[in-house]
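In what follows, chains carry the letters A, B, and so on, assigned in the order in which the sequence lines appear, proteins first and then strands, with residues in each chain numbered from 1. Only a predicted model underlies this, so the values are computations on that prediction, with no experimental measurement involved.
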Amino acid sequence: AQSVAQPEDQVNVAEGNPLTVKCTYSVSGNPYLFWYVQYPNRGLQFLLKYITGDNLVKGSYGFEAEFNKSQTSFHLKKPSALVSDSALYFCAVRDIRAGYSTLTFGKGTMLLVSP
Amino acid sequence: EPEVTQTPSHQVTQMGQEVILRCVPISNHLYFYWYRQILGQKVEFLVSFYNNEISEKSEIFDDQFSVERPDGSNFTLKIRSTKLEDSAMYFCASSEDQVGNQPQHFGDGTRLSIL
């Protein structure tokens, strides 16, 4: 079965500093990887995905993620954090069940950006 | 931008009662999903639905659960006899394709509280 691991429960960063939220994956076959963000009392919002192509993927709100096949990682990054980036971030991998695509999520990482 | 909408935002139900959670997926999407998130835990796949039938379901989706697309717009999740452990946030999602090339779009969720 596919799985993702987010080793950090929480990441703290000061506004203006670069941020990284870590994700590693375990899949059979080619990975389809996603990052979602969840603000309080809201659903999951899609940030970016890696399917194929360039290892550096750019997404919404200035976020990007780097796919590293040898390290089986897909870390989320942003060059300069904003207080408004504070939220819960989920890494996810496509899981094919009976030929249909579903998502398997990591446990989430809370990002706290301080002013 | 089109959104997935879910109603109600919060549902309080007595244990043993039936509950129906409602979702309106994005209009041109063909694949529909339900996920749940128990407080403080990760998002878990429940069921996927396509062409008026379940395409895949998880171990969580037992005989107490059912899904239906009663008309051209709504997608519902029914829990026949609720248990305390059904208390969670339930998220509906939809996508254009089933292979994962297009992201799943999530609603804001229904918070289900079983008393």
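Criterion: ILVMFWY side-chain heavy atoms under 4.5 Å apart, direct or through other members. Under it, A/Leu82 and A/Leu112 are not part of a common hydrophobic cluster. Note on A/Val11 and A/Leu19: same hydrophobic cluster, where clusters join Ile, Leu, Val, Met, Phe, Trp and Tyr whose side-chain heavy atoms are under 4.5 Å apart, directly or indirectly. A/Val57 and A/Phe63 fall within the same hydrophobic cluster, where Ile, Leu, Val, Met, Phe, Trp and Tyr residues are linked whenever their side-chain heavy atoms come under 4.5 Å apart, directly or through other members. Transitive grouping of hydrophobic side chains (ILVMFWY, heavy atoms separated by less than 4.5 Å) keeps A/Leu88 and A/Leu47 in distinct clusters. Taken together through direct or relayed side-chain contacts under 4.5 Å among Ile, Leu, Val, Met, Phe, Trp and Tyr, B/Val4 and A/Val37 form parts of separate hydrophobic clusters.
A distance of 13.5 Å separates CD in B/Glu44 from CG in A/Leu103, rounded to the nearest 0.5 Å. If you take CZ on B/Phe91 and CG on A/Leu44, they are separated by 5.5 Å, rounding to the nearest 0.5 Å. With rounding to the nearest 0.5 Å, the separation of CG in B/Asp108 from CD in A/Gln38 is 9.5 Å.
Proximity to chain B (any heavy atom under 4.5 Å) is shown, for A/Tyr39, by neither the backbone nor the side chain. Using a 4.5 Å cut-off between heavy atoms, A/Lys49 contacts chain B through its side chain alone, with no backbone atom that close.
Side-chain contact check for B/Gln37 versus A/Phe90: some heavy-atom pair is nearer than 4.5 Å. The shortest side-chain heavy-atom distance between B/Tyr35 and A/Phe105 falls under the 4.5 Å cut-off.
Residue B/Asn28 qualifies as enclosed at atom CG: its count of foreign heavy atoms under 6.0 Å is above 12. Within a 6.0 Å sphere centred on CZ of B/Arg69, heavy atoms belonging to other residues, nucleotides or ligands number more than 12.
Between the A/Tyr36 side chain and the B/His105 main chain, no donor and acceptor come within less than 3.5 Å of each other.
Taking every heavy atom of both residues into account, A/Phe46 and B/Pro103 meet most closely at CD1-CB, 3.4 Å.
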